[in-house]
Amino acid sequence: MSDSADRLWGARFKTPPAAALTALSRSPEYYFALAPYDLAGCRAHAHELQRAGLLTAEETGHMTAAIDQLDLDYRAGKVDPIAADEDVHTFIERVLTERLGALGGKLRAGRSRNDQTVNDLRLYLRDNVRNITTALLALQKALIFQADQHTHTLAPGFTHLQQAQPIVFAHQLLAHAQSFSRDIERIQDWDHRSAFSPLGAAAMAGSAIARRPELAAKELGYRAPCENSIDAVASRDYVAEFLFITSMIGVNLSRISEEICLWTSRQFRWVEISDSYATGSSIMPQKKNPDIAELTRGRSGRLIGNLTAMLATMKAMPLSYNRDLSEDKRSAIDSVDTLLLVLPAMAGMIETMKVNTGEMLAQAPDGFTLATEVADWLAMRGVPFKEAHEITGKLVQLCEFHQQGLSDLTDDQLAEVDVRLTPEVRSALTLEAAIHSRDGFGGTAPARVSEQISRLKARIQQQAEWVSVYQGPRL
Ligand code: ARG
């Protein structure tokens with residue numbers, strides 16, 4: 001094969017491409033891994049060419065058989081891209097032409113790599129958002145597994161990283177599960193908006209040959225073809241939005257990671273990570289480190305970086321296709337790989353961690369976490385909250401001075417601060433009372449937390465179903 005025949009575009013060039021151009025232009029290896037999606041697009045396109053009369057039924061049969069065989073061979077590692085294959089589309093056309101002769105060269109009619117690359121990435125992402133969803137569901141199940149056991153485990157809750165009010169530990173764990181659940185809803189919204197086929201757009205103006213894009217779209221599991229062929233090849237908001245979602249997941253993961261780092265510290269002693277999910281130090285034999293949480297926190301920076309890289313690439317880019325857009329796969333595939341690595345590690349670590357309930361209970365009243373109970377108690381007896389707040393503040397001052405806790409105050413001490421602080425206030429000054437009194441919807445009362453768990457489990461069930469009903473292209 002001559003040099004120009006190796007390329008999809010060599011004929012009008014007098015000299016071969018410089019090595020530096022080839023090195024810059026060639027796709028990274030992971031882009032070739034989109035081959036099964038490209039082959040699905042090839043199958044649909046072969047049918048489109050048959051409809052257009054460019055392939056006979058017999059030729060279509062040969063073509064789709066060769067596509068199926070290449071798919072099998074590629075997956076079995078029997079055929080690989082060579083250095084001269086600029087991208088996955090070039091690779092596939094080369095092999096089909098080697099195998100089918102002139103017939104292989106017919107498949108290029110009526111399409112362009114500009115619509116192919118969008119098709120490949122959309123199909124890849126539609127598949128992988130489901131893999132990410134499944135991994136997020138497993139993480140939520142791990143959180144719920146722990147929450148189920150800790151609906152009565154008392155712990156201090158925090159604001160400003162200062163002890164705030166008593167909570168049950170399940171409530172804190174479920175707060176994280178709630179954000180992961182919303183991340184999945186974001187994924188579902190994304191999928192609804194992104195399920196449009198770019199095929200038929202060809203280079204940018206639409207195709208004079210592939211003129212039934214609604215049928216190709218259906219064959220590939222999309223809702224419909226894109227409304228506008230220029231938008232089909234030029235837009236990457238579906239990539240940027242995907243990268244926002246993965247960044248949000250990364251940030252949510254980073255926040256729980258940070259808490260796990262705190263909880264495992266000697267200062268907190270709330271949680272012990274299972275040996276299988278912790279690491280040691282090469283110099284300090286006593287160390288047990290929460291590396292999974294730290295690596296996850298670290299990788300979230302990379303997820304955000306991928307989003308900002310994509311947005312920066314898109315900004316001020318004229319429509320329609322420009323080669324800059326090939327950066328999309330770099331960001332998107334890296335974010336998929338990152339999450340699929342991080343999520344199972346986090347789920348395993350959380351599911352197997354041991355919670356030190358005694359330590360949490362001992363710390364629950366620290367830092368006057370029951371102070372709000374006093375103020376609420378006064379307010380419920382008609383004292384304006386502004387006053388109730390001041391009275392309670394004075395109580396805290398008194399306790400700090402005598403180095404005692406709120407529940408150790410004597411009747412005299414209470415009355416000394418304010419006569420309205422009768423001994424009955426003590427009934428409100430227990431952790432149990434504090435927890436159970438917060439029994440409005442969404443509060444930390446154990447009964448409410450159990451209901452929250454039930455609703456979350458139901459949502460997990462629905463989201464798992466959403467994953468399982470997906471019918472993408474035959475891969
Ligand atoms: N390899 C390109 C990409 O990654 C697709 C081909 C783009 N089209 C072109 N005319 N060079 O997006």
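In each ligand, atom 1 is the first atom listed, and ligand 1 is the first ligand listed.
- With hydrogens left out, the protein atom closest to atom 11 (N) of ligand 1 is R113 NH2, 3.6 Å, a heavy atom.
- Using a 4.5 Å cut-off on side-chain heavy atoms (C-beta onward), I187 and F242 make no contact.
- Close approach to S326 involves these atoms of ligand 1, each under 4.0 Å from a residue heavy atom: 3 (C), 4 (O), 12 (O).
- Annotation: S27 places no N or O atom under 3.5 Å from an N or O atom of ligand 1; distance criterion only.
- Taking atom 12 (O) of ligand 1 as the reference point, the nearest protein heavy-atom neighbour is Y321 OH, 2.9 Å.
- For ligand 1 and N114, the ligand atoms under 4.0 Å from any heavy atom of the residue are 7 (C), 8 (N), 9 (C), 10 (N).
- In this structure, W270 and W263 have parallel ring planes: the angle between them is below the 30° cut-off, well short of the 60° mark.
- Residues Q163 and Q363 have side chains that never bring a donor and an acceptor to within less than 3.5 angstrom of each other.
- Ring orientation note: the planes of W190 and Y238 are tilted relative to one another, at an angle of 30° to 60°.
- The shortest separation from a heavy atom of Q116 to ligand 1 is not under 4.0 Å, leaving the residue out of contact.
- For H47 (side chain) and C42 (main-chain N/O), no donor-acceptor pair under 3.5 Å exists by modelled atom type.
- The side chain of K329, and not its backbone, has at least one atom closer than 4.0 Å to an atom of ligand 1 (non-hydrogen atoms only; side chain from C-beta on).
- Of all atoms in ligand 1, numbered sequentially from 1 with element shown, those under 4.0 Å from a heavy atom of D87 are 1 (N), 2 (C), 5 (C), 6 (C).
- Between H89 and Y31, the distance from one ring center to the other falls under 6.0 angstrom.
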